[in-house]
Amino acid sequence: MPETRPEADGLRLCESAALTEDGPALLFDVRQYGRPLRAFALRHRGRVVAYLNRCLHVPVELDWQPGQFLDAERQHIVCAVHGATYDPQDGRCVAGPGGRGRLTAVEVREVDGRVYWYPSRDIRPATDTVPDAPPPRDSHDPR
Ligand code: FES
């Protein structure tokens, strides 16, 4: 069986130690369907989770200060605008005007002291570009 190499598919997000239990989230830029958006990763109950930073009520960012998503009890993600409240473990809206949906999850894994995120068909890195073709060789190039 081939060895699992998460770094081969995932994009390195940070060292595990950068995400402390119920501490500030790490923000990172992505594109969803080609549109630039921000995502965030935080550690809750020992597990790293990540979501698009976008409320279900109105499509605005959730954090009340950059990287601050949790309520005073550190139990829920709460939208700073009207208070929609989400379960950090699965992104499900549990109270407020967010309806019955869930935040859009971004796949993350923690391996060997590092956190990786995994682009999907719809959620791509912000800098997801096709490399330019090499310039044509100049016919006057002396090489
Ligand atoms: S915009 Fe998030 S609760 Fe209204």
Side-chain angles (χ1 to χ4, degrees), residues 1-139 141:
M1 179 180 247
E3 181 183 345
T4 301
R5 294 180 48 223
E7 65 278 10
D9 302 321
L11 299 175
R12 189 170 161 179
L13 196 54
C14 64
E15 300 294 315
S16 292
L19 295 176
T20 57
E21 180 70 19
D22 296 335
L26 179 74
L27 298 165
F28 57 105
D29 294 323
V30 299
R31 287 184 176 269
Q32 183 189 37
Y33 310 122
R35 286 177 303 160
L37 282 177
R38 202 160 323 181
F40 65 97
L42 58 78
R43 186 182 301 280
H44 183 73
R45 294 189 199 144
R47 186 173 150 239
V48 176
V49 295
Y51 301 99
L52 293 183
N53 188 3
R54 192 168 178 170
C55 186
L56 297 180
H57 179 220
V58 176
V60 297
E61 295 195 337
L62 297 153
D63 39 344
W64 47 273
Q65 286 186 358
Q68 299 293 337
F69 291 86
L70 297 176
D71 60 9
E73 294 77 30
R74 322 306 282 169
Q75 292 300 307
H76 295 100
I77 294 168
V78 66
C79 176
V81 180
H82 306 115
T85 303
Y86 302 93
D87 183 337
Q89 291 296 308
D90 60 9
R92 185 172 43 95
C93 184
V94 296
R100 295 184 183 175
R102 293 174 193 259
L103 298 175
T104 302
V106 176
E107 184 181 356
V108 285
R109 287 187 216 156
E110 191 170 18
V111 180
D112 296 334
R114 292 188 177 131
V115 179
Y116 298 86
W117 79 275
Y118 292 79
S120 65
R121 186 189 62 193
D122 301 334
I123 302 173
R124 308 295 307 166
T127 56
D128 196 12
T129 58
V130 176
D132 292 333
R137 193 164 191 152
D138 186 337
S139 60
D141 189 339

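When a ligand or atom number is given, it counts from 1 through the structure's own listing order.
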Measure C55 to ligand 1 on non-hydrogen atoms and call it side chain, backbone, both or neither using the 4.0 Å cut-off.
side chain

Can you list the ligand 1 atoms lying under 4.0 Å from a non-hydrogen atom of V60?
1 (S)

In terms of relative ring orientation, are F28 and W117 parallel, tilted or perpendicular, with 30° and 60° separating the classes?
tilted

Taking the side chain as C-beta and beyond, is there a heavy-atom pair between L11 and P125 under 4.5 Å?
yes

Tell me, with the steps shown, if F40 and I77 meet side-chain contact (heavy atoms from CB on, under 4.5 Å).
CA-CA 11 Å; F40 65 97; I77 294 168; 4.0 Å; yes

Under 2.8 Å from atom 4 (Fe) of ligand 1, is there an N/O/S atom belonging to C79?
no

Are any N, O or S atoms from H57 nearer to atom 4 (Fe) of ligand 1 than 2.8 Å?
yes

Below 4.0 angstrom from a heavy atom of V58, which ligand 1 atoms are there? Numbered from 1 as shown, please.
1 (S)

P97 touching ligand 1 at heavy-atom level, < 4.0 angstrom:
yes

Using heavy atoms and a threshold below 4.0 Å, how should the contact between L56 and ligand 1 be classified: side chain, backbone, both, or neither?
neither

Report the residue from R43, H44, R74 that forms a side chain to side chain donor-acceptor pair (under 3.5 Å) with D22.
H44

Where's the contact between V81 and ligand 1, heavy-atom distance under 4.0 Å: side chain, backbone, both or neither?
side chain

Counting from 1 in the order shown, the ligand 1 atoms closer than 4.0 Å to a non-hydrogen atom of A84 are 3 (S)

Report the distance from atom CG of D63 to atom CG of N53, rounding to the nearest 0.5 Å.
4.5 Å

Would you tell me whether D87 and H76 have side-chain atoms, one donor and one acceptor, within less than 3.5 Å of each other?
no

Passes side-chain contact (heavy atoms from CB on, under 4.5 Å), V106 versus L52? Steps please.
CA-CA 7 Å; V106 176; L52 293 183; 4.1 Å; yes

The N/O/S atom of H82 lying closest to atom 4 (Fe) of ligand 1 is ND1

